[in-house]
**Student:** 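Take this structure first; my questions come after.
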Amino acid sequence: MNGINGYQVYQSDYASRTAYDAYGAKTQSTAKKNETSGVKKEPVELSDNAKDLLERLKKKYSNMDFMVANYESDEEAQRYLAGGTKDYSVLIEPEVLEEMAADEKTEKKYTNMIDEATAKLSDMKDKLGDEEDNVVNLGISFGKDGSVSYFAELEKSSAKQRERIEKTRAEKKEQARKDQKTEEEKRLADLSEMTKRVRVSARSAEGLLEKIRNVDWDKVKPEQKEKVGGIIDYGA
C-alpha cells in the first residue's frame, strides 16, 4: 500500500529488520526492538480525521506507542506489539481508528478502554513482585469485533541473574573470598550473555498475570543476547 503523509501500518514479515514508528519516523530504538518482533511496517491509507485522531492520541498518551494494523491472529498481534519502546504498546485496527475518528462517542468508548486496560496492567505489575524485572514490554490490542487482548514480552538474562545473586549476597552480608572464587562465582563468571524471551497474551489482565507466573523458563531455549530469534510464543 502507498503511504499517506508518512503514516504507517504494520505488516508481518520475518525477513524484515527495519522499523518505523506510527508516524513514519525511522528510529534506532524501534529498529533495535523490531529485530525481535519480526515485523515489517508498511504505509497505511488513513482519512485525515483518523490521522488527526492518531496525533491526538500520541500527545495524550505520551507513554504509549500507538500501532495501526490489520491482523489475523493473537500471535500476529503479539509480533506488532513487541515492537513498542514505551511503557505500553497499543495496537488498533484501521477500521476501529476510522470509527473512533468519525464518532465522538466511539472515540470516548475506546479511550476509556485504553485507560481501564493500562490501569489493570499497572496493577498487574505491582502484583508480580520480583517477576516484574522480567517484563520488557506490555501492550493491548483492540480488534474490529470489539475484542481486547493483553500482551507481555518477557526476558530473562544471565546478567540479571548475576545481579540478583550478588544483591542477595550483599543483603546477607556474605563476605566474598579474596584469594579464590567460590564454585558458584566461577559458574556465573563462565556464563555467556544468554537471554531467554517469551511472549504471552490473554483476554484479561488477570489471565496475563497467571500466564506470566506460569512460564517455565527451564523449557525456554536461551539465545545469545545480541542475536535474533528463538522466541517462544505461549499463545493467547
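Side chains are part of it too, since the values below use all heavy atoms of this structure and drop only hydrogens, waters and symmetry mates.
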**Student:** What verdict does the side-chain contact (heavy atoms from CB on, under 4.5 Å) test give for Arg203 and Asp74, after you've listed the backbone C-alpha separation in whole Å, the side-chain angles of each residue and the deciding distance to 0.1 Å?
**Tutor:** CA-CA 10 Å; Arg203 298 302 182 189; Asp74 287 335; 3.0 Å; yes
**Student:** By salt bridge (charged side-chain N to carboxylate O under 4.0 Å, His left out), which residues pair with Lys144, not counting sequence neighbours?
**Tutor:** Glu93
**Student:** Below 4.5 Å, heavy atoms only, C-beta onward: do Asn214 and Glu210 meet side chain to side chain?
**Tutor:**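 Asn214 vs Glu210: side chains touch.
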**Student:** Of all the heavy-atom pairs spanning Pro94 and Asn70, show the shortest one and how long it is.
**Tutor:**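 Closest heavy-atom pair between Pro94 and Asn70: CD-OD1, 3.4 Å.
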**Student:** Can you list every ring-ring contact (aromatic ring centres under 6.0 Å, His included) pair that touches residues 102-148, not counting sequence neighbours?
**Tutor:**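 Output for this query lists Tyr110-Phe142.
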**Student:** Measure the spacing between CG of Asn49 and CG of Asp103 and express it to the nearest 0.5 Å.
**Tutor:**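 So the gap between those two atoms works out to 12.0 Å.
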**Student:** In the structure I gave you, are the side-chain heavy atoms of Tyr80 and Ser141 within less than 4.5 Å of one another anywhere?
**Tutor:** no
**Student:** Evaluate the side-chain contact (heavy atoms from CB on, under 4.5 Å) criterion for residues Arg79 and Arg199: first the C-alpha distance (whole Å), next the side-chain angles of each, then the deciding distance (0.1 Å), finally the verdict.
**Tutor:** CA-CA 9 Å; Arg79 293 199 297 271; Arg199 294 174 189 165; 3.3 Å; yes
**Student:** Write down the atom of Ile140, the atom of Ile114, and the distance for their closest heavy-atom approach.
**Tutor:**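 Reported closest heavy-atom pair: CD1-CA, 4.2 Å.
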**Student:** So, Glu99 and Thr106: side-chain donor and acceptor under 3.5 Å apart, yes or no?
**Tutor:**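 The criterion, which ignores hydrogens and geometry beyond distance, is not satisfied for Thr106 and Glu99.
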**Student:** Could you check if a side-chain atom of Trp217 sits within less than 4.5 angstrom of a side-chain atom of Asn134, using non-hydrogen atoms only?
**Tutor:** yes
**Student:** Evaluate Ser147 against Asp145 for side chain to side chain donor-acceptor pair (under 3.5 Å), listing each step before the verdict.
**Tutor:** CA-CA 6 Å; Ser147 62; Asp145 61 353; 2.7 Å; yes
**Student:** Measure the spacing between CG of Leu138 and CD of Glu132 and express it to the nearest 0.5 Å.
**Tutor:** 8.5 Å
**Student:** Looking only at heavy atoms, what is the nearest atom pair of Gly207 and Ala202, with distance?
**Tutor:**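 The answer is C-CB, 3.6 Å.
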**Student:** Closer than 3.5 angstrom, by distance alone: can the side chain of Asn137 be matched with the main-chain N or O of Leu81 as a donor-acceptor pair?
**Tutor:** yes
**Student:** Taking only distance into account, with no hydrogens and no angle test, what donor-acceptor pairs under 3.5 Å do side-chain atoms of residues 121-129 form with protein atoms, sequence neighbours excluded?
**Tutor:**
{"from": "Asp123", "atom 1": "OD2", "to": "Lys127", "atom 2": "NZ", "distance (Å)": "3.3"}

**Student:** I'd like to know whether Thr195 forms a side-chain contact (heavy atoms from CB on, under 4.5 Å) with Arg197, so could you lay out the CA-CA distance, the side-chain angles of the two residues, the decisive distance to 0.1 Å, and finally the verdict.
**Tutor:** CA-CA 7 Å; Thr195 300; Arg197 292 189 182 94; 4.0 Å; yes
**Student:** Calculate, to the nearest 0.5 Å, the distance between atoms CG and CG belonging to Leu154 and Asp133 respectively.
**Tutor:**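 Answer rounded to 0.5 Å: 11.5 Å.
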**Student:** Testing the basics here: between Lys120 and Ala205, what is the closest heavy-atom pair and its distance to 0.1 Å?
**Tutor:** CB-CB, 3.7 Å
**Student:** Flag the pair Val68 / Val96 as yes when at least one side-chain heavy-atom distance between them is below 4.5 Å, and no otherwise.
**Tutor:**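 Not touching, per the 4.5 Å side-chain cut-off.
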**Student:** What distance do Arg56 atom CZ and Lys59 atom NZ have between them, rounded to the nearest 0.5 Å?
**Tutor:** 10.0 Å
**Student:** Could you go through the side-chain contact (heavy atoms from CB on, under 4.5 Å) check for Thr118 and Met64 one step at a time?
**Tutor:** CA-CA 10 Å; Thr118 51; Met64 300 181 191; 3.4 Å; yes
**Student:** List the atom of Lys196, the atom of Pro222, and the distance in Å for their closest heavy-atom pair.
**Tutor:** CG-CA, 3.7 Å
**Student:** Is there a donor-acceptor pair under 3.5 Å between the side chain of Asp65 and the backbone N or O of Lys86?
**Tutor:**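 Yes.
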**Student:** On a heavy-atom basis, which atom in Ala101 and which in Leu53 lie closest, and how many Å separate them?
**Tutor:** N-CD2, 3.5 Å
**Student:** Evaluate the salt bridge (charged side-chain N to carboxylate O under 4.0 Å, His left out) criterion for residues Glu55 and Lys51: first the C-alpha distance (whole Å), next the side-chain angles of each, then the deciding distance (0.1 Å), finally the verdict.
**Tutor:** CA-CA 6 Å; Glu55 183 69 29; Lys51 295 171 191 175; over 6 Å; no
